[in-house]
S.K.: 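Below are the structure tokens for one structure; questions will follow.
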Amino acid sequence: MFSYTANPARVVFGTGTIATLADEVRRLGASRVLLLGTSSLAGPVDRVADALGSLLAARFDEAAMHTPVDVTERALKVVTENDVDCVLAIGGGSTTGLAKAIALRTDLPPIIVPTTYAGSEMTPVLGETADGRKTTQTSPKVLPEVVVYDVDLTLKLPVQVSLTSGVNAMAHAVEALYSPDANPIVDQFALEAIRLLATALPRIATDPTDAHARSHALRAAWLAGTCLGSVGMALHHKLCHTLGGSFNLPHSETHTVVLPYAMAYNTTGAPDAMRRIAEALDAPDAATGVYDLIAALPVPHSLAELGFTETAITQAAEIATAKPYPNPREVTREGIEDLLRHAWAGTRPTPADGSKPDLRSLTTEVVDSFAATPDPRLRELLQDLVRTLHSYVVRTDLTQQEWEYAIGFLTRTGQISDDKRQEFILLSDTLGVSSVVDVLTNSRTPDTTPSAVLGPFYVQGPPETAQGADLAEGLPGTPLWTDVTVTDTHDTPVPDAIVDVWQSNQDGFYDVQLPDADGPVLRARFRTDTDGRLKFWTIVPSKYPIPVDGPVGGMLEAAGRHPFRAPHLHFLIAKPGFRTLVTQLFVAGGDHLDSDTVFGVKNGLIVDFAEQSGPAPDGREPEAGWRRLEFTFRVSPTH
Ligand code: NAD
């Protein structure tokens, strides 16, 4: 069981959205707005003032970090003097904090326009400072009525604030995943926020005006803010609160320095959350993944750089561990001192036990080695093959012995193959790859007969046989009168189409598998007549096992899979001007239709091989009865 309380707020997200602010104010029934900002954001605040026009009652530009109560009191005077009925804050978490502090005391509806990634606009939490002490409280009264995210406003956010407040957002998402209140809804927000930030932050560092990266970071800030507003945080936030509140360290920079160390501390206590975070970061380990991401950004990397002195570590650890709070790993004085010592020095945390080495640069090197391949398709195929193979090896933690076995397996697959035995096709078929390629290639022509895999027993150029012939030539089996028609997609008959037919005998063998078979058996090439029709005798196909005496048979046995194919008749229909159709018709009611070992059965290819008695259309009258197969193949012109 889990519970999730969605905090109410109307959200407008996009570029140029500050143009909607006047409407948003009116929507609330307000007409006298107090506009909150900071002098460093004068340009955007002026633009919002213009957008508000006559709705603007007053401005207050003194919002400050950690929401000092004396600043709030000055702002409240402005509220009273100007008969304000709505507060509109534009800026980072500090300005949002001021709007919340006013809302708490006046019940005025706040509209927030966030310009950083701190996420405060999504939380019912207010942190305030009075006489140098920071206190936090939670109240739905401080939740904004409306949040307007405008990507344009973030384009000029200085790179360092962008990156540190981006990491601040990531911290909300990380701690949400191992919160005692964690739930699947918030998890999705958190993982998406981490994914978005992991790619957006390095791009913003390179090009702060990258609107796409900016949009992703702002969306991540929204999601991460929602995490912060929905579930309880843990060690990381507690430490940053201590360092900010008691040692006056700057908010988002402190988050940026501390996060990897808090994560390293919690790794053993929240292995599942850390695994998911590592996946979202596309890194082998969550804590070192975040460390490496931040290490590459132009931001402070140690508490020392933030002016924190080594001698303060003991005191900070004491404050941070004074009161117990929920955390996935027990919080001890010694443990936190050790954590702070590492954060003070900025050294890389040790990856969690059992985490895998980071092989991304090796993969990149190999992928890059194909970068100059002149043929673009070949380049794509090779580079993706390398990525996929490396990822497979890393994910499965492939051992040397397993890799050698795989090489040996492929070698045997090649050695057993010749012009009659095609073990590689069998491998592709039993792994389902042939069917995947078939579906990708042919599913885009829905008005033709579905195709099916060629299989390993096709022989090029079988002898052309006259219509009406009997492919079985006295072999045991139930006689089958086959009467098929080939048409185009407008049902116009296609004469002179070459139709190759092949199938197994009653014991399940193809002629190429029988050492004593003399020439083609149950295999022929026909030509459709002027009506696009083709009639011949054969026998009802039976189920059969694919050859199991090679490496593929060994694989099926090791996997406990049966080797049987559902009974079917192969057709290959070709005519210049038409797409060649390779397909199979399956006997309705036959064995293994739902577990065909090569995954070749398609619904449109299961056909009733109807039981008959009496004389067949050509006058022949098999004693023990016979069956009839009627089917129309639709082929499509190539143009
Ligand atoms: P901030 O609001 O202090 O802004 C940092 C600096 O960047 C300021 O000088 C600001 O004027 C400037 N700035 C902001 N946006 C800009 C832009 N678009 N272009 C140019 N300059 C811009 O920092 P912050 O990291 O957003 O917020 C930190 C504060 O928010 C802290 O006080 C923290 O406690 C609080 N906070 C509260 C919550 C909560 O849920 N209550 C959540 C996160 C943060």
Side-chain angles (χ1 to χ4, degrees), residues 7 9 18 36-48 61-69 71-72 89-101 103-104 110 112-129 133-144 147-173 175-176 204 208-209 214 217-218 221-222 224-233 236-238 240-246 248-256 299:
N7 289 325
I18 58 170
L36 304 175
T38 51
S39 47
S40 60
L41 255 183
V45 181
D46 286 347
R47 290 204 336 259
V48 171
D61 288 345
E62 296 168 43
M65 180 90 83
H66 302 312
T67 329
V69 171
V71 175
T72 305
I90 164 164
S94 299
T95 317
T96 304
L98 178 58
K100 286 175 159 183
L104 183 73
I112 310 290
V113 184
T115 59
T116 70
Y117 309 129
S120 172
E121 65 282 359
M122 285 293 146
T123 83
V125 181
L126 169 63
E128 296 183 289
T129 43
R133 283 196 50 230
K134 185 165 178 179
T135 52
T136 32
Q137 55 186 305
T138 301
S139 165
K141 280 167 92 173
V142 307
L143 279 169
V147 177
V148 175
Y149 288 106
D150 191 334
V151 178
D152 285 347
L153 293 181
T154 62
L155 296 178
K156 292 221 173 82
L157 182 63
V159 173
Q160 184 163 328
V161 189
S162 308
L163 302 175
T164 55
S165 82
V167 178
N168 188 187
M170 187 174 275
H172 308 330
E175 293 227 294
I204 291 171
T209 61
R214 287 288 190 186
L218 195 58
W222 170 7
T226 307
C227 295
L228 178 68
S230 305
V231 298
M233 297 285 119
H236 169 79
H237 282 76
K238 178 73 183 176
C240 292
H241 189 86
T242 303
L243 294 169
S246 305
N248 213 19
L249 298 195
H251 177 83
S252 60
E253 289 86 339
T254 307
H255 271 269
T256 304
V299 293

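All residue numbers in this chain count up from 1 along the given sequence. Just follow the structure's listing: the first ligand is 1, and inside any ligand the first atom is 1.
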S.K.: Should you measure from each heavy atom of Lys100, which atoms of ligand 1 turn up under 4.0 Å away?
M.R.: 39 (C), 40 (O), 41 (N)

S.K.: Just jot down the ligand 1 atoms closer than 4.0 angstrom to any heavy atom of Leu228, in number order.
M.R.: 40 (O), 42 (C)

S.K.: Of the protein's non-hydrogen atoms, which lies at the shortest distance from atom 32 (O) of ligand 1, and what is that distance?
M.R.: His66 N, 3.0 Å

S.K.: Measure the spacing between NE2 of His251 and OG1 of Thr256 and express it to the nearest 0.5 Å.
M.R.: 9.0 Å

S.K.: Under 4.0 Å from any heavy atom of Lys156, which atoms of ligand 1 are there?
M.R.: 19 (N), 20 (C)

S.K.: Quick one, His255 with His237, criterion side-chain hydrogen bond (donor to acceptor under 3.5 Å, both in side chains). Give me CA distance, side-chain angles, the key distance, then yes/no.
M.R.: CA-CA 8 Å; His255 271 269; His237 282 76; 4.6 Å; no

S.K.: Check contact between Pro158 and ligand 1, using heavy atoms of the residue and a distance below 4.0 angstrom.
M.R.: yes

S.K.: Between Lys100 and Val125, what is the shortest heavy-atom contact and its length?
M.R.: NZ-O, 2.7 Å

S.K.: Among protein heavy atoms, which sits nearest to atom 41 (N) of ligand 1, and what does the distance come to when rounded to 0.1 Å?
M.R.: Val125 O, 2.9 Å

S.K.: Taking 4.0 Å as the limit for heavy-atom contacts, which would you say applies to Leu153 with ligand 1: side chain only, backbone only, both, or neither?
M.R.: backbone

S.K.: Hey, mind stepping through His66 and Glu128 against side-chain hydrogen bond (donor to acceptor under 3.5 Å, both in side chains) and telling me if it holds?
M.R.: CA-CA 6 Å; His66 302 312; Glu128 296 183 289; over 6 Å; no

S.K.: Give me the atom names and distance for the closest heavy-atom approach of Thr96 to Ile112.
M.R.: OG1-CG2, 3.5 Å

S.K.: Identify, for atom 38 (C) of ligand 1, the protein heavy atom at the shortest distance, and state residue, atom and that distance.
M.R.: Ser120 CB, 3.3 Å

S.K.: Considering only heavy atoms of Gly93, which atoms of ligand 1 have at least one such atom less than 4.0 Å away?
M.R.: 2 (O), 24 (P), 26 (O), 27 (O), 29 (C), 30 (O)

S.K.: Looking at side-chain heavy atoms only, is the closest gap between Thr38 and Thr95 below 4.5 Å?
M.R.: yes

S.K.: What is the distance from atom OG of Ser94 to atom CG of Leu36, rounded to the nearest 0.5 Å?
M.R.: 12.0 Å

S.K.: What residue and heavy atom of the protein are closest to atom 43 (C) of ligand 1, and at what distance?
M.R.: Ala118 O, 3.4 Å

S.K.: Between Leu41 and ligand 1, find which residue part has any heavy-atom pair under 4.0 Å and reply side chain, backbone, both or neither.
M.R.: side chain

S.K.: My understanding is that we take every heavy atom of each candidate and find the minimum distance to atom 40 (O) of ligand 1. Doing that for Asn168, Thr129, Thr254, Thr123, which one comes out nearest?
M.R.: Thr123

S.K.: Among protein heavy atoms, which lies nearest atom 7 (O) of ligand 1, and at what distance?
M.R.: Val161 CG1, 3.9 Å

S.K.: Of the side chain and backbone of Thr38, name the one, both, or neither that has a heavy atom under 4.0 Å from an atom of ligand 1.
M.R.: side chain

S.K.: Does the side-chain hydrogen bond (donor to acceptor under 3.5 Å, both in side chains) test come out yes or no for Arg214 and Thr209, once each step is laid out?
M.R.: CA-CA 7 Å; Arg214 287 288 190 186; Thr209 61; over 6 Å; no

S.K.: Measure the distance from atom 16 (C) of ligand 1 to every protein heavy atom, then report the residue, atom name and distance (to 0.1 Å) of the closest one.
M.R.: Leu157 CD1, 3.1 Å

S.K.: Please state which part of Ser40 comes within less than 4.0 Å of ligand 1, counting heavy atoms only: side chain, backbone, both or neither.
M.R.: side chain

S.K.: Quick one: pull up CG in Leu126 and OG in Ser139 and give me the separation to the nearest 0.5 Å.
M.R.: 9.0 Å

S.K.: What protein heavy atom is closest to atom 26 (O) of ligand 1, reported as residue, atom name and distance in Å?
M.R.: Thr116 OG1, 2.5 Å

S.K.: Select one of side chain, backbone, both or neither to describe which atoms of His251 lie under 4.0 Å from any atom of ligand 1, heavy atoms only.
M.R.: side chain

S.K.: List ligand 1 atoms under 4.0 Å from Gly92, heavy atoms only on the residue side.
M.R.: 2 (O), 26 (O)

S.K.: Could you state the interatomic distance from CD (Glu121) to OH (Tyr149), rounded to the nearest 0.5 Å?
M.R.: 3.5 Å

S.K.: Specify the closest pair of heavy atoms between Ser162 and Leu157, including all atoms of both residues, with the distance to one decimal.
M.R.: OG-O, 3.1 Å

S.K.: Could you establish whether Met122 and ligand 1 come within less than 4.0 Å of each other, counting only heavy atoms on the residue side?
M.R.: no

S.K.: Mind listing the closest non-hydrogen atom pair of Tyr117 and Ala169 along with its distance?
M.R.: O-CB, 3.3 Å

S.K.: Mind checking whether Thr115 has an N or O less than 3.5 Å away from an N or O of ligand 1?
M.R.: yes

S.K.: Give me the nearest non-hydrogen protein atom to atom 3 (O) of ligand 1 as residue plus atom name, then the distance to 0.1 Å.
M.R.: Ser94 OG, 2.6 Å

S.K.: Compare every heavy atom of Glu62 with every heavy atom of Val71, then report the nearest pair and how far apart it is.
M.R.: CG1-O, 3.4 Å

